[in-house]
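Encoded as structure tokens, the structure appears first; notes follow it.
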Protein chains: 2
Amino acid sequence: MAAKDGYILERQAGHLLRRAHQRHSAIFQENIGDVQLTPLQFAALVKLRDLNEVSQNHLGRLTAMDAATMQGVIKRLASRGLIERRPDPNDRRRLILSLSDEGQALINALVSNGGGITAQTLAPLSAAEQKTFLDLLTKLAQLNGEAE
Amino acid sequence: MAAKDGYILERQAGHLLRRAHQRHSAIFQENIGDVQLTPLQFAALVKLRDLNEVSQNHLGRLTAMDAATMQGVIKRLASRGLIERRPDPNDRRRLILSLSDEGQALINALVSNGGGITAQTLAPLSAAEQKTFLDLLTKLAQLNGEAE
DNA sequence: CAAAAATTGTTTGTGTACGAATAATCCAGG
DNA sequence: CCTGGATTATTCGTACACAAACAATTTTTG
């Protein structure tokens, strides 16, 4: 914990963010149950549920995933039959993504409990602290100028 | 941004933590300069600087890295000559890690600017907000009972 | 003390992350 | 209209992240 100069690893934002994210991931896994689904896969399904149809890159932007990362996430979801891919007739570069019936049913079932994961992640804080924390964290999560 | 039920991805702790961590990583890369060093490699060097000598697993615990992850991080640092590995004469399972002269010099030079990365990460917040945020984040980063 | 339990480091396999390069396609300015 | 620039999706390479299984040890316990 001590350090030669004033530099203490345990006080650095990056280290703490990483640890908090680790803890959240563990909570996510516990709560998601027997369904084998990662946080990113979950996020992609949620956004797809909100929008019905989006191109792969666009979905990546909305879920903060790199195009290369998105590719892998989508490939795995598609191979499990949770989402469907079809070419965009208006733009042949694009791939239009949508939920399959199975994917729709799965994400609907999971979302009802989704808030519980955030609640459990923030459980060490009081209600007031939770609100403060989420507000501040939201500011720090903004990359640059974000819109939609 | 909208959702069918009340579930909004952008308000979930996990999603925000992930985004904030992404933003921090980008800031880290910009500030670390031409030295090719990742946040985890940096953390390992910092801790090694504080303690002089530690076993690999112990260092992993102090930096919140999985044993398998630590293995890779250490291997890369050792192959670059930044750290040294030697067997523990008292426990033949253990590998004792320490900084090489080069590693020592490198981390000393980087630590002087290390605080700047956290400052830049937290820059969107006021001074008071920064303190609040770090305090709350510290609580959320605690896995269970932690000591040492 | 000897068998059982725990630790240390390694390897394997899957899944993010993301820079960089590429092919196919779209689009805008001249 | 047509050519240079942007966009979309894919692939490659490197680096986490972590569960699971292992061999070599150490430690604990009956």
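Treat the numbers as computed from the prediction; the structure is a model and nothing was measured. Residue numbers start from 1 in every chain, and the chains themselves are labelled A, B, ... in the order their sequence lines are given, proteins ahead of strands.
- Nucleic acid contact class of A:T38 (heavy atoms, under 4.0 Å, all strands): sugar-phosphate only.
- A donor-acceptor distance shorter than 3.5 angstrom exists from the side chain of B:E129 to the backbone of B:S126, with no hydrogens or angles considered.
- The side chain of A:R76 contributes an N or O atom lying less than 4.0 Å from OP1 or OP2 of C:dT16.
- Side-chain contact, B:S100 with B:E84: no donor N or O sits under 3.5 Å from an acceptor N or O.
- OP1 and OP2 of D:dT7 both lie 4.0 Å or more from every side-chain N or O belonging to A:R93.
- For B:Q22, a side-chain nitrogen or oxygen approaches OP1 or OP2 of C:dC18 to under 4.0 Å.
- Here B:R94 does not reach the OP1 or OP2 of D:dT26: none of its side-chain N or O atoms lies under 4.0 Å away.
- The residue B:S25 sits apart from the nucleic acid: no heavy atom pair falls under 4.0 Å.
- Under 3.5 Å, the side chains of A:T118 and B:Q12 contain a donor-acceptor pair of N or O atoms.
- Residue B:Q29 places no side-chain N or O under 4.0 Å from the OP1 or OP2 atom of C:dG19.
- For D:dT14, the OP1/OP2 oxygens have no side-chain nitrogen or oxygen of B:Q36 closer than 4.0 Å.
- Checking the phosphate oxygens (OP1, OP2) of C:dT8, a side-chain nitrogen or oxygen of B:R61 falls inside 4.0 Å.
- Under 4.0 angstrom from either OP1 or OP2 of C:dT10 there lies at least one side-chain N or O belonging to B:Q71.
- An OP1 or OP2 oxygen of C:dG9 is reached within less than 4.0 angstrom by a side-chain nitrogen or oxygen of B:N57.
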